[in-house]
Number of protein chains: 2
Amino acid sequence: MVTIKDVAAHAGVAFKTVSRVVNNDPTVKPKNREKVLKAIEELGYRPNRAAQMTRRKKSGVIGFIADELLRVPYTFDLIRGAQDLAWKHDKELMVLNVNVNKYSVEGAVNHLFEHRVEGIIYAAMYHREVSLPLQFKEVPTVLANCYDSYGRYPSIVPDEKEAAREITASLIGKGYKRIAFLNLNENIIAAKLRKEGVEQAFINANINLDNLLVESVIFGEENNERSVTRSRAEDIIKNFKPDAILCGQDPMAVEVYFVVQALGLKVGKDIGVGSFDDWDIIPTLLQPELTTMALPHYEMGQWAFNCLLEERTEPVKETARFTLNSRQSF
Amino acid sequence: MVTIKDVAAHAGVAFKTVSRVVNNDPTVKPKNREKVLKAIEELGYRPNRAAQMTRRKKSGVIGFIADELLRVPYTFDLIRGAQDLAWKHDKELMVLNVNVNKYSVEGAVNHLFEHRVEGIIYAAMYHREVSLPLQFKEVPTVLANCYDSYGRYPSIVPDEKEAAREITASLIGKGYKRIAFLNLNENIIAAKLRKEGVEQAFINANINLDNLLVESVIFGEENNERSVTRSRAEDIIKNFKPDAILCGQDPMAVEVYFVVQALGLKVGKDIGVGSFDDWDIIPTLLQPELTTMALPHYEMGQWAFNCLLEERTEPVKETARFTLNSRQSF
DNA sequence: CTGAAAGCGCTTACAG
DNA sequence: CTGAAAGCGCTTACAG
């Protein structure tokens, strides 16, 4: 590989001058700069990052630990959010996928430390509490889509309650006044907060809570969940007779659409359907297209990266707002 | 940060001895090894990768250029395949997301060169031909899920024809003998090859080709495609009266399920449905669950990585076999 | 089995 | 504005 010295020899200057040109030092005579630039071009020189890092004693690397992240497609926006900013600020984003069976969190952190990361973003697959090993204290750390048990790090999570309030208010605003909310597994924090948000919307609109049915249709432990969406949706439509169904996640909405059609009803006409996530292509694959609250993954990824960039370390717990993607299902 | 010299001082040996222990050199006296290990533990020493790279003149980094990869969730397995092997062989996989608007391929390659990558995997979002800039010739390059116009690099693509033959033969084996194949956009290579495979299965089974209908239901240019799946499926079921429908991708199958149900028929009973991709959760979200040919993304990612590891550079064009995921839709 | 010297490709700190 | 020296944290090559 061609080095700074090769370029210097080719250009007829000291190698330090080449270094100056590469680093945009303005104190180089235009004539010399030109000679160097020409030599760089002709020789195809590219600075050696490892050597730069060694001497500078700064790595320019931010670590991104993705906790089981990639099992759910849309969570990838968390990485994208951080990645786009990293590129912009000429930083390297080193993404490590962690899951129980393969790469332990400790292993990932050690790996990142060997690269002398300047900060770490720890992101979870779904909104939840995590307890991180003490190692993280050695370097600035920010949590995205999760928060730590002891509140030791800055963290950002989706504003579940406000999202639930907003979409419910939107339903109510369009005249729906008897709503069934098929909630996520009651073990997860999102289920609890969303229930509060939905109820809040009813209270704000002065509608009797008798017109609201909230029921978890996903059960079981992580990695071994089962859904009773179809059977419960059918039963609820028949007996509770809601004029709208709110689903805890878009895949549930697919099932609800099938149930509604099987009962001879039409989504968006006989019954409104709303949902959460904006899961990949599901919302636009359905007909009518699904109105859903899009998770703010991209924004959370960006917020986390900015937090590190600005060297903020106060253990704030920030929330990010969902976006209402209005389509035709209600 | 603590260095090799700090450890040496703490352990009372020469710093070269610490280097030997860190690099598992067997010629260190057990007693000294122990002292060094203890010092490393106590001081929390971690080798500095950048310094190692600089001196070794080997980066241990493999570049992975993902061409628009992340718009389709399951393609992520391409990265995972390479990633898992990288971890195993103690290499770094540097993943760069490329798309026309943001990071050009040239920019990505330059970036990788600054890190002195030992090889590059170039992966495409869908099976297609690509033409890479000449820069790639400077370093071993392997293509995954695509092949280059001039056949200059080793590449691996899904075996579309065999997959189509296999699932069609499977349908025929279960007694289906009048099949409609709703194909992908006819502009893409997969559509052409799969059509051949489906026809081959008919020929092998001695079934008259009058019982096969192949029709593209996706039109338009890349990034601006439209699907006529629903209307065409309905029309074909009514008029061609197939006993099975084969879909070019799983999202199509979702639409076909809705059409079948609307016509008062049952998938898996009145009409068989098969598909391609194994797209995220779609196959198991449907009821009955969808039988589909799973794309070999993980395997292609692994093959590409191994190719670089074994320093194979002959421009072979390898194919990877799909896996038939049998469920209940036929 | 161990160590002192030299060097990787660069940047820092300083002299002119 | 330019350059010669020193040094980043390691490994290589060699001597003992």
Side-chain angles (χ1 to χ4, degrees), chain A residues 1-40 43-61 90 92 110-118, chain B residues 1-40 43-61 90 92 110-118:
Chain A
M1 267 290 171
V2 15
T3 73
I4 216 173
K5 292 189 182 176
D6 299 327
V7 176
H10 193 85
V13 296
F15 71 87
K16 178 69 252 228
T17 302
V18 178
S19 171
R20 286 201 173 88
V21 172
V22 169
N23 291 287
N24 292 315
D25 185 327
T27 72
V28 178
K29 231 193 329 193
K31 187 140 189 186
N32 278 336
R33 174 180 306 280
E34 248 174 66
K35 281 200 290 187
V36 170
L37 253 18
K38 186 153 165 284
I40 286 176
L43 267 45
Y45 168 76
R46 293 184 191 86
N48 182 324
R49 294 265 190 167
Q52 290 179 322
M53 287 176 185
T54 305
R55 187 62 251 250
R56 283 182 185 150
K57 308 195 71 175
K58 273 194 292 179
S59 69
V61 179
D90 201 29
E92 206 66 46
N110 272 321
H111 191 90
L112 293 176
F113 281 168
E114 293 190 358
H115 285 273
R116 300 295 187 264
V117 286
E118 296 168 1
Chain B
M1 266 291 170
V2 16
T3 74
I4 216 173
K5 292 188 181 174
D6 299 326
V7 176
H10 194 85
V13 296
F15 71 87
K16 178 70 250 230
T17 301
V18 178
S19 171
R20 286 202 174 88
V21 172
V22 168
N23 291 287
N24 291 316
D25 186 326
T27 71
V28 178
K29 232 194 327 194
K31 188 139 187 187
N32 278 337
R33 175 180 306 279
E34 248 173 67
K35 282 201 291 190
V36 170
L37 254 17
K38 186 155 165 283
I40 286 175
L43 267 46
Y45 168 76
R46 295 185 189 85
N48 182 323
R49 293 266 189 168
Q52 290 178 323
M53 287 175 184
T54 305
R55 186 61 251 250
R56 284 184 185 146
K57 307 195 69 175
K58 273 195 293 180
S59 68
V61 179
D90 201 29
E92 206 66 47
N110 272 322
H111 191 90
L112 293 177
F113 281 167
E114 293 190 359
H115 285 274
R116 301 294 187 263
V117 287
E118 296 167 1

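Chain identifiers are assigned alphabetically (A, B, ...) following the order of the sequence lines, protein sequences preceding nucleic acid strands; residue numbering begins at 1 within each chain.
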Report summary line: Rounded to whole Å, CZ of B:R49 lies from P of D:dT11 at a distance of 11 Å
Query raised in the report: Rounded to the nearest Å, what distance is computed from the NZ atom of residue B:K35 to the P atom of nucleotide C:dG3?
Result: 9 Å
Requested in this report: Go through residues 11-24 of chain B and report each residue with a non-hydrogen atom lying under 4.0 Å from DNA chain C, sorted by number.
Outcome: B:A14, B:K16, B:T17, B:R20
Query - Gap between atoms CZ and C1', on A:R56 and C:dA13 respectively (whole Å) - result: 16 Å
Query raised in the report: Just how far, in rounded Å, is C1' of D:dT12 from NZ of B:K57?
Result: 12 Å
Report task. Could you tell me whether the side chain of A:V21 reaches within less than 4.5 Å of the side chain of A:L37, counting heavy atoms only? Result -> yes
Query raised in the report: How would you label the contact of B:T27 with the nucleic acid (heavy atoms, under 4.0 Å): base, sugar-phosphate, or nothing?
Result: base
Report summary line: Residues B:R116 and B:S59: closest non-hydrogen pair is O-OG, 2.6 Å
Query raised in the report: Is the side chain of B:D25 donor-acceptor paired with the backbone N or O of B:T27 at a distance under 3.5 Å, no angle test?
Result: yes
Report summary line: Judged by nearest nucleotide, the residue sitting upstream toward the 5' end of DNA chain C, B:T54 or B:P26, is B:P26
Query - Spacing between B:E114 atom CD and C:dG9 atom C1', to the nearest angstrom - result: 14 Å
Query - Pairing partner (Watson-Crick or G-U wobble, both distances under 3.5 angstrom) of C:dG3 - result: D:dC14
Query raised in the report: So, for B:F113 and B:V117, which heavy atoms are closest and what is the spacing to 0.1 Å?
Result: CD2-CG2, 4.3 Å
Query - N/O (side chain, B:Q52) to phosphate O (OP1/OP2, D:dT11) under 4.0 Å - result: yes
Requested in this report: Could you tell me the separation between the CZ atom of A:R55 and the P atom of C:dG7, rounded to a whole number of Å?
Outcome: 18 Å
Query - Distance-only polar pair, side chains of A:E92 and A:H115, donor-acceptor under 3.5 Å - result: no
Report summary line: When rounded to whole Å, the NE2 to P distance for the pair B:H115 and C:dC10 reads 13 Å
Requested in this report: Calculate the interatomic distance between B:M53 atom CE and D:dT11 atom P; express it in whole Å.
Outcome: 12 Å
Report task. Carefully, step by step, assess B:E114 and A:R49 under the rule salt bridge (charged side-chain N to carboxylate O under 4.0 Å, His left out). Result -> CA-CA 6 Å; B:E114 293 190 359; A:R49 294 265 190 167; 2.8 Å; yes
Report task. Report the residue (B:D25 or A:M1) whose heavy-atom-nearest nucleotide on DNA chain C is the more 5′ of the two. Result -> B:D25
Report summary line: Between A:V2 and A:G44, the two heavy atoms sitting closest are CG1-O, 4.1 Å
